[in-house]
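What you see is a predicted model, and the numbers here were worked out from it, not measured in a lab.
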Amino acid sequence: STSFDAGLELEHLRLARTATASADPLHPDEPGPVRCTLTLPCASTTATRASAFGDVAWQPSRRIAVHAGLRANLEAENGGTQLLPRLALSWIGGGTTTATLSAGRYSQLGVLESRTGVPALPVDGLLTRIRVGTQYELRVAHSTPSFAVQAAAFLRRQRIGAPGRG
């Protein structure tokens with residue numbers, strides 16, 4: 001049997017970072033608390049992404065299933081696009097055990113992180129470059145009427161630096 005699934009998605013992210021402290025380390029005599037100074041920078045940004053996706057599931061036999069899909073992303077701020085294919089092959093063993101081997105491309109925005117004890121640098125936004133990667137996964141699941149167990153292992157490879165992002 002064969003089945004199809006498709007959809008559209010619109011994602012709008014708004015991120016803001018506000019820095020506050022009881023006193024400004026450069027001006028300890030000034031009263032506190034302080035926020036959004038040169039040594040305590042604040043920043044905000046937005047990102048909008050539109051996506052279309054589709055998936056085809058095919059089960060050529062009782063024990064084998066195949067899923068193939070494609071996701072297309074469009075980044076509103078820079079016009080960047082990504083085509084992200086996915087493929088999965090599943091073995092269905094007697095209805096209680098399944099094993100799935102899958103591979104797929106994905107993309108995500110990164111968010112700048114601050115670390116304790118490290119001075120913050122002034123930034124004009126909170127988003128890092130778009131990360132594009134490939135993930136390979138093996139997932140095995142087994143269930144009975146009294147319990148279920150699932151194990152997965154994956155390998156992920158990322159490339160940071162799509163055009164148009166810092």
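A heavy-atom distance below 4.5 Å is found between the side chains of Leu70 and Pro85. In this structure, the side chains of Thr46 and Leu13 stay at 4.5 Å or more apart for every pair of heavy atoms. The shortest distance between side-chain heavy atoms of Ser107 and Arg49 falls below 4.5 Å. When side chains are defined from C-beta on, Arg105 does not count as touching Gln82, because their heavy atoms never get closer than 4.5 Å.
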List the steps and the verdict of side chain to side chain contact (heavy atoms under 4.5 Å, CB included) for Thr96 and His142. CA-CA 5 Å; Thr96 60; His142 179 76; 3.7 Å; yes
List the steps and the verdict of side chain to side chain contact (heavy atoms under 4.5 Å, CB included) for Arg157 and Gln135. CA-CA 6 Å; Arg157 192 184 90 215; Gln135 179 167 314; over 6 Å; no
Test Thr20 against Val34 for side chain to side chain contact (heavy atoms under 4.5 Å, CB included), laying out the working first. CA-CA 6 Å; Thr20 61; Val34 294; over 6 Å; no
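The shortest non-hydrogen separation linking Phe53 to Leu8 is CE2-N, 4.0 Å. Shown here for Arg86 and Gly104, the closest heavy-atom pair between the two residues is CG-CA, 3.8 Å. Taking all atoms of both residues into account, the shortest heavy-atom contact from Thr134 to Tyr106 is N-CE2, 3.9 Å. Closest of all the heavy-atom pairs between Gln59 and Arg62 is NE2-O, 3.3 Å. Contact between Pro60 and Ile64 at its shortest, heavy atoms only, is CD-O, 3.4 Å.
Note that CG of Asp55 is 7.0 Å distant from OG of Ser3, once rounded to the nearest 0.5 Å. Distance OG1/Thr100 to CD/Gln150: 9.0 Å, rounded to 0.5 Å. In this structure, Asn73 CG and Leu84 CG are separated by 5.0 Å, a value rounded to the nearest 0.5 Å.
A donor-acceptor pair under 3.5 Å links the side-chain atoms of Arg63 to the main chain of Ile92, judged by distance alone.
Note on Glu137 versus Arg156: no salt bridge recorded, every NZ/NE/NH1/NH2 to OD/OE distance being 4.0 Å or above.
In the hydrophobic clustering of this structure, Trp58 groups with Trp91; members are Ile, Leu, Val, Met, Phe, Trp, Tyr whose side-chain heavy atoms approach within less than 4.5 Å, directly or through other members. In terms of hydrophobic clustering, with Ile, Leu, Val, Met, Phe, Trp and Tyr side chains grouped at heavy-atom distances under 4.5 Å, Leu89 and Leu87 are assigned to a common cluster.
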